[in-house]
Amino acid sequence: MNSSKDLFVKRLNQLNITLSDEQLGMFDEYYHILYEQNQYMNLTAITDYDEVLLKHYIDCLAVNVVPDFRDLICQKQNAKVIDVGTGAGFPGIPLKIAFPDLQIDLLDSLNKRINFLNQVIENLNLKNINAFHGRAEDFANNVNYREKYDLCVSRAVANLTTLSEYCLPFIKKDGLFIALKSGEIKEELKSSQNAVDILGGTILEVIPYILPESDIERSFVVIKKIKNTPKKYPRKAGLPSKEPLQ
């Protein structure tokens with residue numbers, strides 16, 4: 001496991017991230033809880049220690065290669081972040097461990113996952129992080145959450161058009177939405193541009209990258225909120241995925 005940890009640290013260094021021994025220990029504790037609870041619920045298909053370090057932790061923390069992300073956390077120390085469709089806590093919990101000043105809300109539609117996330121939060125003694133059970137369509141229409149966040153991140157598998165309708169309503173004007181994507185996304189990008197515009201955003205850039213010390217390709221889609229999202233969005237639960245905006 002020491003060689004695994006050494007490689008993890010090397011990969012972190014390539015992302016310009018330096019963690020304390022305490023933070024590295026928190027990642028290990030997170031893994032142990034994930035591995036244990038995955039036997040009782042479907043949290044992840046990836047359970048091998050080395051693969052979790054790379055395909056979950058490094059994959060999430062690689063958002064640090066995005067200049068707009070680095071600018072945000074430098075300029076706004078206590079930036080408010082929401083992770084939509086967080087699942088087993090990705091990318092929200094790795095971001096909280098690595099950048100503890102972030103204020104993070106985790107949102108997921110499955111209550112069993114929220115119970116798991118609350119266990120992780122308690123065991124790791126994380127502060128200023130909350131896990132909420134609900135659908136993005138409902139939370140984004142709540143005045144307590146609508147346009148309250150500096151940054152929305154999501155590693156959910158929905159296409160970018162649907163994901164933008166879930167996520168952009170949460171973001172303040174001049175805030176950011178960063179989607180963590182895998183696979184070929186050219187057509188997805190093209191088909192989502194009108195929806196992003198309708199929802200008040202503009203696609204700033206797409207940053208392709210390869211996870212350090214691997215051949216795994218990913219892309220970050222960086223969207224800036226330039227105007228308020230019209231009140232009719234997001235539409236009622238289910239519609240963003242069944243009838244994506246054209």
Side-chain angles (χ1 to χ4, degrees), residues 1-74 77 79 81 83 86-102 104 106 113 116-129 131 151 153-157 178-183 207-220 222:
M1 192 172 285
N2 283 337
S3 60
S4 299
K5 188 72 67 65
D6 290 343
L7 182 55
F8 182 49
V9 170
K10 182 179 179 182
R11 286 169 164 151
L12 288 170
N13 289 339
Q14 291 181 39
L15 298 174
N16 292 315
I17 296 173
T18 302
L19 300 182
S20 67
D21 289 341
E22 181 183 6
Q23 287 169 302
L24 292 170
M26 292 166 79
F27 275 112
D28 272 350
E29 177 68 11
Y30 184 15
Y31 170 76
H32 292 308
I33 303 169
L34 178 69
Y35 184 85
E36 178 185 345
Q37 292 302 313
N38 201 61
Q39 299 175 60
Y40 307 105
M41 68 180 90
N42 182 25
L43 292 167
T44 177
I46 300 168
T47 56
D48 176 78
Y49 180 73
D50 289 343
E51 290 203 341
V52 169
L53 292 182
L54 175 62
K55 296 179 181 178
H56 282 322
Y57 298 168
I58 292 294
D59 192 33
C60 294
L61 295 176
V63 71
N64 202 49
V65 306
V66 178
D68 289 287
F69 173 80
R70 294 198 305 273
D71 289 346
L72 176 69
I73 62 174
C74 288
Q77 191 176 32
V81 181
D83 175 4
T86 188
F90 304 119
I93 288 181
L95 289 176
K96 180 63 184 178
I97 295 172
F99 307 103
D101 288 336
L102 294 175
I104 297 185
L106 308 170
R113 293 194 194 115
F116 162 77
L117 294 170
N118 282 326
Q119 181 185 348
V120 173
I121 290 167
E122 181 178 354
N123 283 30
L124 272 56
N125 196 29
L126 298 174
K127 307 299 182 186
N128 294 318
I129 181 169
L151 171 67
V153 289
S154 185
R155 206 172 65 141
V157 295
I178 302 178
L180 288 70
K181 305 292 289 184
S182 59
I207 299 177
Y209 72 103
I210 297 175
L211 295 183
E213 304 290 317
S214 81
D215 58 359
I216 300 172
E217 298 179 358
R218 295 285 191 263
S219 294
F220 288 117
V222 184

Around atom CD of Glu217, are there more than 12 heavy atoms of other residues, nucleotides or ligands at under 6.0 Å? no
In terms of heavy-atom contacts, Pro67 and Ile207 come closest through CD-CD1, 3.7 Å
Relative to the ring of Phe8, is the ring of Phe27 parallel (under 30°), tilted (30 to 60°) or perpendicular (over 60°)? perpendicular
Grab the two heavy atoms, one from Ser219 and one from Tyr209, that are nearest each other, plus how far apart they are. N-CE2, 3.9 Å
Distance col, row Asn38:CG vs Leu43:CG, nearest 0.5 angstrom, shows 5.0 Å
Taking only residues two or more places apart in sequence or in another chain, which ones pass side-chain contact (heavy atoms from CB on, under 4.5 Å) with Asp48? Asp50, Glu51
For Leu61 and Ala98, which heavy atoms make the closest approach, and how far apart are they? CD2-CB, 3.6 Å
Is the number of heavy atoms from other residues, nucleotides or ligands within 6.0 Å of CD (Gln39) greater than 12? yes
Under the side-chain contact (heavy atoms from CB on, under 4.5 Å) rule, collect the residues that match up with Thr18, sequence neighbours excluded. Asn13
Closest non-hydrogen atom pair between Leu7 and Glu213, with its separation: CD1-CG, 4.0 Å
Tightest non-hydrogen contact, residues Ile58 and Pro212, listed as CG2-CD, 3.8 Å
Starting from the C-alpha separation in whole Å, work towards a yes-or-no answer on side chain to side chain contact (heavy atoms under 4.5 Å, CB included) for Ile210 and Ile216. CA-CA 5 Å; Ile210 297 175; Ile216 300 172; 5.7 Å; no
Do the ring centers of Tyr35 and Tyr30 come within less than 6.0 Å of each other? no
Ile46 and Val52 have their tightest heavy-atom pair at O-CG2, 3.5 Å
For Leu211, is there any backbone N or O sitting under 3.5 Å from a side-chain donor or acceptor partner on Ser214? yes
Heavy atoms, side chains only, cut-off 4.5 Å: are Asn16 and Asn64 in contact? yes
Output field: ring centroids Tyr40/Phe116 closer than 6.0 Å: no
At what distance, to the nearest 0.5 angstrom, does CD1 of Ile121 lie from CG of Leu106? 5.5 Å
Compare all side-chain heavy atoms of Lys181 with those of Arg218 and state whether any distance is below 4.5 angstrom. no
What do the steps show when you test Asp83 against Arg155 for salt bridge (charged side-chain N to carboxylate O under 4.0 Å, His left out), and what is the final call? CA-CA 8 Å; Asp83 175 4; Arg155 206 172 65 141; over 6 Å; no
Could you tell me whether the side chain of Val120 reaches within less than 4.5 Å of the side chain of Asn123, counting heavy atoms only? no
Check whether any side-chain heavy atom of Leu24 lies under 4.5 Å from a side-chain heavy atom of Leu12, and answer yes or no. yes
Give the intermediate values and the outcome of side chain to side chain contact (heavy atoms under 4.5 Å, CB included) for residues Ile33 and Leu124. CA-CA 10 Å; Ile33 303 169; Leu124 272 56; 4.2 Å; yes
Supply the atom-to-atom distance Ile129 CD1 to Leu117 CG, rounded to the nearest 0.5 angstrom. 8.0 Å
Does Gln23 use its side chain to pair, donor to acceptor, with the backbone of Ile97 at less than 3.5 Å? yes
Assess whether side chain to side chain contact (heavy atoms under 4.5 Å, CB included) is satisfied between Phe90 and Leu95, documenting all intermediate values. CA-CA 8 Å; Phe90 304 119; Leu95 289 176; over 6 Å; no
Residues Ile104, Asn128; criterion side chain to side chain contact (heavy atoms under 4.5 Å, CB included); working and verdict: CA-CA 7 Å; Ile104 297 185; Asn128 294 318; over 6 Å; no
Just so I know, are the side chains of Asp6 and Lys10 near enough to count as touching, which here means a heavy-atom distance under 4.5 Å? no
Measure the shortest side-chain to side-chain distance between Phe220 and Phe69 over non-hydrogen atoms and say whether it is less than 4.5 angstrom. no
Mind checking whether Pro94 and His56 have side chains closer than 4.5 Å, heavy atoms only? no
Do Leu19 and Ile17 have side-chain heavy atoms sitting under 4.5 Å apart? yes
